[in-house]
Amino acid sequence: MATELYQLSAKTVSKVILHATKYAHGEVCGCLLGRQEEHTVIVEDCIPFFHKAENKHSPLLEVALAQSESYAGTLGLKVCGFYQGNELSDDGSLHASTKKVGDSVRDRSAFPRACLLLLDNDAFTTFLSGETADRLPFTLYHKRGPGGSWEGCGRDNVRCQGGLTVRQVREVAAEGVASGKQRDLVDFSEHFCDVAKDWRNEKVVIA
Amino acid sequence: MGRLPSQRALAATLDRCENAGHGGHAPIDEVKELLRLCRDGKVRLPEQIARHGLRLIKSKEAKRKLNDSELWLINEQVCYALLDTGEIDEATMIVKALSKRFPKSSRVLVLQGALCECCGDYDKAEEVYKKILEENEAHQGAWKRLCCVAKGRGDEEKAVKTLKEYLDVFCTDAEAWEELASLYLSLSMQKQASFCYEECVLIQPQNPSYHLKYADSLYSLSTPSTLHLARQAVGYYSVVLDLTNGSSVHAKYGLLCCLDAIRSQGRGSSSRLTEDEQKLAAKCARELEADYQEKCPALLAHLRATGILPSGT
């Protein structure tokens, strides 16, 4: 069997990092948009969902997922996963609630290769500062079979899209944070307070 | 939504401090006003408070101009801001000064504990808070910090236990019930979380955010065989709309999701919406669509794609 690869676009990496930077004191989450090409899943974009943890346990989650699916469709993509940044800096565990959302994304999109991207909070800090510029600050989880559980995917199987190196992607993300782009990034928690705030964030990261 | 006069005053003062002339140094009176407004309004602007406040504390001119009690208040305020922004050295300096000035104050002890927490020394912090509670069992601040220590350690069960003990005594503290609810949610204990939100609603029935959270939790608990919970949620979302003059987008989405669930998952007569419910759904859908049309028409198509809007609107 061919190796199962995942590729993350610079845009995805940057937006997840901007979301986590904007709400550094709490947990953040959102969905991933992508497509599958043979054995490779390409994550092209992401939609920031919530920075209020309780929103994950509300009808807003379904609303945000349905709207993201509709948007993904206009780009020829699918909702192919979910990302999560935990509240505590030393909490590297995949919470039960995150796995549950992952299961529901996998079923809704009929995307067996759906993945969960967990932000590594410690590595996130050193990634931005440039100390660990060669390693993406994420752990990617996927399911091997229909009845399987979420398992960590080997680091070698997660790459940057478009032949970019991690260093090049880091530069895009770090540049975004340095220029304060996190202030322009909008998530669904904000959108539900003011619908003028556009969760598509189309102009935030141009990579 | 219109802002309160105090919010406008704060925004204006902040603007004057941030965009001050002569070398970026805001005048002392402005900074003093900013800090006062933040204290009175319990506003947390750590980065700005730390930056402007620290300069104020260090300036000789300020020491002449401010009276003693306000200066110490500012010291405490700036110290918390520094802990928020992680500037431990400066914070330590202020804690030392405060401890020297008020050696027996439990308020300064709480600050010392918070400094230990910030440094990751949870054992020491716990010791400090327990010492305060020995002196004064009813010290709410220390009790709550003790719960935070457990949470910071990642020991959510202990945090829950501590908070429950606290709530046995201070059972009308809605914020504490809210915190307990979010701890339960992180432990995937939805039913318990829902119970806590119900307490919040009972304590502060005028606060729409508690009605929202309670309704959210009822919706999440509802299944095809317990659709009465979704119907109950509809009631609470409606209260939110009453309390917010119909401006809560969150409540409208919640209502539509509940009514959609009842319509699509219910069996037999329970799946039929009453005339009032149908009217409510149509009204929410109309208002949401108008809201999007006015503020962000590009997203209207995605709103319709959710499938929760009743057909025929």
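Since the model is a prediction, treat every value here as computed from it, not as a measurement. Chain A is the first sequence line, chain B the second, and so forth, proteins listed ahead of strands; every chain is numbered from 1. Hydrogens, waters and symmetry mates play no part in the numbers below; they use all other heavy atoms, side chains included.
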Looking only at N and O atoms, which donor-acceptor pairs between chain A and chain B are within less than 3.5 angstrom?
residue  : atom : partner  : partner atom : Å
A/His57  : O    : B/Ser220 : OG           : 2.6
A/His57  : ND1  : B/Gln190 : NE2          : 3.0
A/Glu62  : OE1  : B/Tyr219 : OH           : 2.8
A/Glu62  : OE2  : B/Tyr219 : OH           : 3.3
A/Gln67  : NE2  : B/Tyr253 : OH           : 2.8
A/Ser70  : OG   : B/His302 : ND1          : 2.6
A/Tyr71  : N    : B/His302 : ND1          : 3.4
A/His191 : NE2  : B/Tyr292 : OH           : 2.6

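Contacts between B/Ile308 and chain A at a heavy-atom distance below 4.5 Å involve the side chain alone, from C-beta outward.
Ranking B/Val249, B/Leu299, B/Leu256, B/Leu288 against chain A, the residue ahead of the rest is B/Leu299, based on heavy-atom pairs under 4.5 Å.
In B/Phe195, the CZ atom is not crowded: 12 or fewer heavy atoms of neighbouring residues, nucleotides or ligands sit closer than 6.0 Å.
Partners of A/Arg35 according to the side chain to side chain donor-acceptor pair (under 3.5 Å) rule, which considers only residues two or more places apart in sequence or in another chain, are A/Glu37, A/Glu44.
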